[in-house]
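Before any comments, here is the structure.
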Amino acid sequence: MRNNKKERIKTRILILLIITSVIQLGIHWYMQTQRLPFNFISKIFAANGRTANLDVESLRNQYFVPETIMVSISTSYWRLDARDSQFEKVWEDIRDHYIPAIIRQKPDKILPKEQWAAITGARYIRIDFNAIWPANVINWLTEARPSDTKGFEGIKSIVIAPHLDVNETVNTIFIYDDNQIYQYLININREFLPKRYYSNLADELSSKNKPSLRLLTSVSNFTSDKEIFVALNDGRGSAFSTIRAVIPDEIVLNRTNMENYNIQDNILLDKKESLSANYTDSSRYVLFTDTENLYRLYNDGVLEYKFIPSIASGQDNASAAFKHAVTFIEQRRHLVGEANIFLKSIYKENNYYMMEFEYKVDGVPIYFTENRDSEILAPIIIKANSERILECRWVIRNFTRADKPINYNIDFPDLLNKQIVSTYPEILESSDKSFDRIEPGYIFELNDLKSVLLAPNWIISTDSENYFLPLLRKGE
C-alpha cells in the first residue's frame, strides 16, 4: 500500500517535471527571438476561440438576410426592416419553411423577366436582397444537397402572392434571379405561418398607422432605373441613433499594441507566430509576411490581405468561396462592435469570386467614402475561390450607439422643399439625372479620422454624384 502511494507521488512529480521542461524550452526559444515569454505561456493556457469552425446556422442567420421586405396594395407600399417585428416573423417563415420546400420541387411555371413588373404591381409581400444569392450558396446555408435544387439559379427577390389561389393550404411564390421568374405552388404545413397572415398583413400595417410609401417616379419628375420608395407623410417620424465610429483600440497602430501582441492576436489569429513583422514608429502601416501570406494594417484602420503565390484555375464553387470569405470576417467580427455585416454583391470573375460586404446598425446602412467627393464604396471587398481567400481590403471601424434613438423627419416633400432647394438646387435643375438611391443612412470618410460621431443623413446618389444632407429632427 505504502509502495503504491510512493509510485503515485513519483508519477505526479515526473509529469510536473515534463510540463516544466516544455515551458522552459518555449521560454528559451522566445528569448532567442527577442520576445517575452508571456505569449508562449498564455498560448498554452488560453486558446484563441476565434479560430474555431463556425456553424452553418449562425452564418445563415448573420448573412442570409433580406435588405427589405415590402408589403403592397396597388400603389401603396410599406417597408419592413430589421427594426419591425413583422420582418423577423415573415423572414423566418420564408427562410425555414418556404425555401427548403422550393429547393426540393420543380417550378410550376418559368416566366420571362419582362413579367416581373406585372407580378409586383398587385397585392403582394416582396422580399428583396442586395445580392443575387447563387443557388449553391443557398443550398449550403440551408444544408440541402446540390442535387436537391430543381429550378432557380439564384435569388434576387421573392414574392408571396396569397391572393392568387383561394385554397388556404396553398400559397403562390415567385423567385426572381434577375434572368427568369420561377413560380411555385407551396403546400402550407402546420409549421408555416397561416396563409391569412400574409393576406392580412397590408391591412394590419395600415391600421397601425405605419406610414405608406410611394414610388419616386410616381410622385416627382425624377427618373430611376431602380425602384426607389419615398414617404409623403411619415407621421411621427423614424427613429435613428447617433453612431460612434472609431478604429478599434486593439488594432490602433502603435508600438504598445505591437509589443503586447494586440494587433497580432486580433488580425493574424493562429498565424501570428509564423509571420514576420516589419514596423517602425514612423511607418503608416505594419507588414506581416511569410512565403504565402501578406497582411498589411494601415494607421487609418484599413486591413489588406493577399495570398502571394500565383493561382491556378480552381473549382467553380461559389458556396466554398463564400464560406472562406465569411469565415475570415467572422473570426474578426468582434472588431466592428454593434454593426451587422451583410452581403452587398457576389459575382464570378475569371477564376475567383468577388464579394462586397457593407455595414448596418439597426437595419440602417452605413456607407463609406475615401473622401467627401469620392464615390461610395464597399468597406469590405474579398476575392476568394474554392480553396482560400485570395485578397481582402477591409476598412475596419468599431460602431456603437452613442445615444438613444430620436425621431427624424423622412418626408420626401420636406426633403425637397426645405433642404434640396437651398443646399443642392442643381438636383432640381438637371433633367437628365438618374437616381440610384434616396434613403436615410450614415456615412463615414476614410480620410476624416476626427469625425467619430455619425448622425443620420439623407444619402442621395445619382449616376454621377453623391449628396449628403443631415436628417432634420421631427418638428424642425
Side-chain angles (χ1 to χ4, degrees), residues 47-65 129-146 149 153-155 251 264-275 288-297 302-336 339-359 377-396:
N48 187 348
R50 294 176 195 133
T51 61
N53 289 329
L54 298 156
D55 65 281
V56 175
E57 183 179 358
S58 67
L59 294 176
R60 179 172 67 241
N61 295 340
Q62 289 280 2
Y63 291 93
F64 191 39
V65 179
F129 297 92
N130 281 100
I132 302 172
W133 283 85
N136 65 351
V137 177
I138 294 171
N139 284 341
W140 175 65
L141 288 170
T142 57
E143 300 181 271
R145 292 174 300 180
T149 305
E153 296 295 321
I155 296 180
I251 64 166
Q264 295 90 322
D265 285 340
N266 287 280
I267 297 299
L268 306 181
L269 308 178
D270 59 348
K271 289 186 174 66
K272 64 183 178 182
E273 304 303 341
S274 64
L275 277 73
F288 300 99
T289 57
D290 61 12
T291 57
E292 292 189 338
N293 304 282
L294 183 152
Y295 293 82
R296 185 184 280 114
L297 178 68
V302 174
L303 170 65
E304 292 180 349
Y305 168 77
K306 183 176 178 62
F307 181 70
I308 297 171
S310 59
I311 317 151
S313 296
Q315 277 187 309
D316 183 8
N317 190 326
S319 63
F322 177 77
K323 181 180 179 181
H324 291 308
V326 295
T327 300
F328 186 91
I329 292 171
E330 286 299 304
Q331 289 173 340
R332 299 160 181 84
R333 173 184 277 274
H334 62 285
L335 294 171
V336 306
N340 291 319
I341 298 172
F342 68 98
L343 181 67
K344 170 76 172 159
S345 67
I346 176 171
Y347 53 91
K348 193 171 187 303
E349 274 197 6
N350 301 320
N351 55 351
Y352 61 84
Y353 284 88
M354 175 78 79
M355 286 161 274
E356 296 181 331
F357 298 84
E358 294 187 342
Y359 297 122
L377 302 169
I380 308 174
I381 301 174
I382 291 178
K383 297 177 182 178
N385 62 14
S386 303
E387 292 150 11
R388 61 178 57 84
I389 293 282
L390 303 175
E391 291 183 23
C392 173
R393 185 177 190 267
W394 184 349
V395 182
I396 302 177

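All values below were derived from every heavy atom in this structure, side-chain atoms included, with hydrogens, water molecules and symmetry-related copies excluded.
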Closer than 3.5 angstrom, by distance alone: can the side chain of Arg332 be matched with the main-chain N or O of Ile267 as a donor-acceptor pair?
yes
Cationic N near anionic O, under 4.0 Å, Lys383 to Glu391
yes
Give the ring-plane orientation class for Phe357 versus Tyr63, where under 30° counts as parallel, over 60° as perpendicular and anything between as tilted.
perpendicular
Can you tell me how far the CG atom of Leu390 sits from the CE atom of Met354, to the nearest 0.5 Å?
10.5 Å
What's the verdict on side chain to side chain contact (heavy atoms under 4.5 Å, CB included) for Asn317 and Trp140, showing C-alpha distance, side-chain angles and the deciding distance?
CA-CA 11 Å; Asn317 190 326; Trp140 175 65; over 6 Å; no
Below 4.5 Å, heavy atoms only, C-beta onward: do Tyr352 and Glu349 meet side chain to side chain?
yes
Ignoring hydrogens and geometry, is there a side-chain-to-backbone donor-acceptor pair from Lys271 to Glu273 under 3.5 Å?
no
For the atom pair CG (Asn130) and CD1 (Ile346), what is the distance rounded to the nearest 0.5 Å?
13.0 Å
Please report the shortest heavy-atom distance between Met355 and Ala384, naming the atom on each side.
CE-CB, 3.9 Å
Before giving the answer on side chain to side chain contact (heavy atoms under 4.5 Å, CB included), spell out for Gln264 and Leu275 the whole-Å C-alpha distance, their side-chain angles and the decisive distance to 0.1 Å.
CA-CA 9 Å; Gln264 295 90 322; Leu275 277 73; over 6 Å; no
Taking Asn385 for its side chain and Arg388 for its backbone only, find out whether a donor-acceptor pair lies under 3.5 Å.
yes
State, to 0.1 Å, how close Ile308 and Asp290 come at their nearest heavy-atom pair, and which atoms those are.
CD1-O, 3.7 Å
Scanning both residues in full, the closest heavy-atom pair of Leu303 with Tyr295 reads CD1-CD2, 4.4 Å
If I compare all heavy atoms of His324 with all of Ser386, which pair ends up nearest, and what's the gap?
NE2-O, 3.0 Å
How long is the span from the CD1 atom in Ile251 to the CD1 atom in Ile396, to the nearest 0.5 Å?
4.0 Å
Distance check, rounded to the nearest 0.5 Å: Glu153 atom CD versus Asn136 atom CG?
9.5 Å
Heavy-atom closest contact (Glu358 atom, Leu377 atom, distance):
OE2-O, 4.3 Å
If you round to the nearest 0.5 Å, how far is CZ of Phe288 from CZ of Arg296?
12.0 Å
Might you work through the salt bridge (charged side-chain N to carboxylate O under 4.0 Å, His left out) test for Lys344 and Glu356, ending with a clear yes or no?
CA-CA 5 Å; Lys344 170 76 172 159; Glu356 296 181 331; over 6 Å; no
Phe322 ring center within less than 6.0 Å of Trp133 ring center
yes
Is the closest side-chain heavy-atom distance between Val65 and Asn340 below 4.5 Å?
no
Between CZ of Phe64 and CZ of Phe342, what distance do you get to the nearest 0.5 Å?
15.0 Å
Using a 3.5 Å distance criterion without hydrogens, assess whether the side chain of Arg393 forms a donor-acceptor pair with backbone atoms of Ile381.
no
Could you walk me through whether Ile341 and Tyr359 pass side chain to side chain contact (heavy atoms under 4.5 Å, CB included), step by step?
CA-CA 5 Å; Ile341 298 172; Tyr359 297 122; 4.0 Å; yes
Begin from the C-alpha positions of Leu294 and Tyr305 and carry the test side chain to side chain contact (heavy atoms under 4.5 Å, CB included) through to its verdict.
CA-CA 6 Å; Leu294 183 152; Tyr305 168 77; 5.9 Å; no
Minimum heavy-atom distance between Thr142 and Arg60, given as atom pair plus value
CA-NH1, 4.2 Å
